[in-house]
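As a basis for the values below, the full set of heavy atoms in this structure was taken, side chains included, without hydrogen atoms, waters or symmetry mates.
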Amino acid sequence: PGGLLMQKHFSPYFLFILLTLMVPTAFGQAIVTTAYGSRQTATFPQTAAEIAAALPNPTIVTATYANQDPQGVDYFGSDDALIAEFRKGLIHHIRISDASLIDTIDLNSKGYNGEGAIAISPDLNYTLLSEHRNLFVIPAPFDASAASRTRVTTLPGEAVGAQTSSIEFDATGRAFVSHSTGISVLDPPYASIAFTMPYVNPNGGALALTPDGQQLLATNLGHEVSIFNAPFSAASRPFVLPLSCARADGIDITPDGQTAIVANTGQNKACIIAAPFSASSSVLERNDVSTVSGDGFEDVSISADGLLAVFCGNGARPGR
């Protein structure tokens, strides 16, 4: 409702640029977190004119909690978000419109550290968190009491803490979780892993599912995208599409399923992949996705109407 869901697993360090895919009219709201940067959460409005007016100073959603380092983030409903506090083991429920803190889920007792991906199921009944070898499953309601109800499932491989786009849901709520040895698949209520598709990925990559749920695209911080075709099973093996991007990281697919965009964490450019997605898909390299200096992008997300892509990342990592 309200068209506010622009992107789901979008938690970079700094926002760099907006890439227009076609003549923009109106699109959903974007939310960006800045761990190790300004330590704020920024939102962008809904129309092209408002975006132009807001840059370079977007609306800042600074909730009333101390020492925040917001990293993983996902929307639920039309005016709420869950934000993971990096390396503090906390999940904050934020109301976006007035920047208020609704509640905090303290998961330190469960072994959670605030790293990795956060993703809310399509029916809004569960939140999944992937961190190292653990998959945390939080049932709604997302308030302080959820900590005692949180379940932990062991993953077959390591989920990289810096990767915030490693969980995807299809329309039925089936979850795909990427880790170092494969992509594990879970069905609601996410009590156990149904199967794992073998996929060696020690560097940690992002996932994107086509709108029809028939193809899953995965990055691995290398020169390629791996493409899995449905029906998915433990026997699934990917087709590999070579890319010119030095380190393919974040990935998203337009709502019509016709284009995938890959962020490049090594350089300020993007790779645009045209459907049908296969080992021989057409790939266009875009070098005009940034007007500022930097060392590439970790995340990309596309607006709900497919008119705009947002890139960010890498701006304030320690030691960078």
Side-chain angles (χ1 to χ4, degrees), residues 1-11 28-29 31 33 41 63 70-85 89-97 100-112 114-131 134-155 159 164-179 183-196 207-213 216 230 232 252 255 301 304:
L4 293 180
L5 181 61
M6 177 168 180
Q7 65 266 357
K8 297 195 68 175
H9 326 302
F10 193 38
S11 46
Q29 188 181 53
I31 184 168
T33 59
T41 299
Q71 191 193 22
V73 59
D74 199 5
Y75 278 116
F76 67 100
S78 62
D79 193 29
D80 295 84
L82 294 182
I83 298 176
E85 191 163 356
L90 305 175
I91 301 293
H92 299 293
H93 174 185
I94 304 298
R95 185 166 58 220
I96 298 166
S97 58
S100 61
L101 174 65
I102 304 301
D103 215 336
T104 294
I105 306 171
D106 187 338
L107 294 177
N108 281 281
S109 64
K110 299 289 185 178
Y112 178 65
E115 301 179 30
I118 176 171
I120 301 170
S121 61
D123 61 9
L124 310 184
N125 286 331
Y126 296 92
T127 295
L128 272 56
L129 315 168
S130 62
E131 180 186 77
N134 293 324
L135 180 69
F136 301 85
V137 181
I138 308 174
F142 305 128
D143 55 25
S145 71
S148 63
R149 294 180 274 111
T150 297
R151 306 189 306 268
V152 184
T153 296
T154 301
L155 294 170
T164 57
S165 300
S166 57
I167 304 176
E168 271 286 278
F169 291 100
D170 69 12
T172 70
R174 167 168 276 192
F176 299 79
V177 182
S178 179
H179 48 77
I183 299 172
S184 293
V185 178
L186 300 89
D187 294 306
Y190 314 109
S192 62
I193 294 173
F195 59 89
T196 295
L207 298 178
L209 194 66
T210 54
D212 62 7
L216 181 70
F232 305 111
D252 202 5
S301 193

Closest heavy-atom pair, E131 versus E115, reported as atoms and distance to 0.1 Å, is OE2-N, 2.8 Å

Passes side-chain contact (heavy atoms from CB on, under 4.5 Å), I105 versus T127? Steps please.
CA-CA 12 Å; I105 306 171; T127 295; over 6 Å; no

Contact summary for D170 and P122, nearest pair of heavy atoms:
O-CG, 3.6 Å

To the nearest 0.5 Å, what is the distance between CD1 (I83) and CD1 (I118)?
8.5 Å

Compare all side-chain heavy atoms of I94 with those of L101 and state whether any distance is below 4.5 angstrom.
yes

For S130, enumerate each residue passing the side-chain hydrogen bond (donor to acceptor under 3.5 Å, both in side chains) test, keeping only those at least two apart in sequence or located in another chain.
S166

Salt bridge (Lys or Arg N to Asp or Glu O under 4.0 Å) involving D187 - partner list, sequence neighbours excluded:
R174

Which heavy-atom pair separates T153 from Y190 by the least distance, and what is that distance?
OG1-O, 4.2 Å

Checking I91 against L129 for the side-chain contact (heavy atoms from CB on, under 4.5 Å) test, could you report, in this order, the C-alpha distance in whole Å, the side-chain angles of both residues, the deciding distance, and whether it holds?
CA-CA 10 Å; I91 301 293; L129 315 168; 4.0 Å; yes

Does the pair N108 and L90 meet the rule for a side-chain contact (heavy atoms from CB on, under 4.5 Å), with working shown?
CA-CA 7 Å; N108 281 281; L90 305 175; 4.0 Å; yes

Side chains of S192 and R151 in contact at under 4.5 Å (non-hydrogen atoms):
no

Go through F232 and I183 one step at a time and tell me if the side-chain contact (heavy atoms from CB on, under 4.5 Å) criterion holds.
CA-CA 10 Å; F232 305 111; I183 299 172; over 6 Å; no

Can you name the side-chain hydrogen bond (donor to acceptor under 3.5 Å, both in side chains) partners of N134, sequence neighbours left out?
none

Spatial distance of atom CG (L186) from atom OG (S121) [nearest 0.5 Å]:
12.0 Å

Work out which heavy atom in Y126 is nearest to a heavy atom in D123; give both atom names and the distance.
N-OD1, 4.3 Å

Grab the two heavy atoms, one from G77 and one from L124, that are nearest each other, plus how far apart they are.
N-CD1, 3.8 Å

The reported gap from CD in E85 to CG in L107 (rounded to nearest 0.5 angstrom) is 12.0 Å

Spatial distance of atom NE2 (H92) from atom CG (D103) [nearest 0.5 Å]
10.5 Å

In terms of the angle between their ring planes, are H93 and F76 parallel, tilted or perpendicular, with boundaries placed at 30° and 60°?
tilted

If you take all heavy atoms of T150 and F136, which pair is closest and at what distance?
CG2-CB, 4.2 Å

Mind checking the OG-CG spacing from S148 to D106? Nearest 0.5 Å is all I need.
12.0 Å

Which one of V73, I120, D74, I102 satisfies the side chain to side chain contact (heavy atoms under 4.5 Å, CB included) criterion with L82?
I120

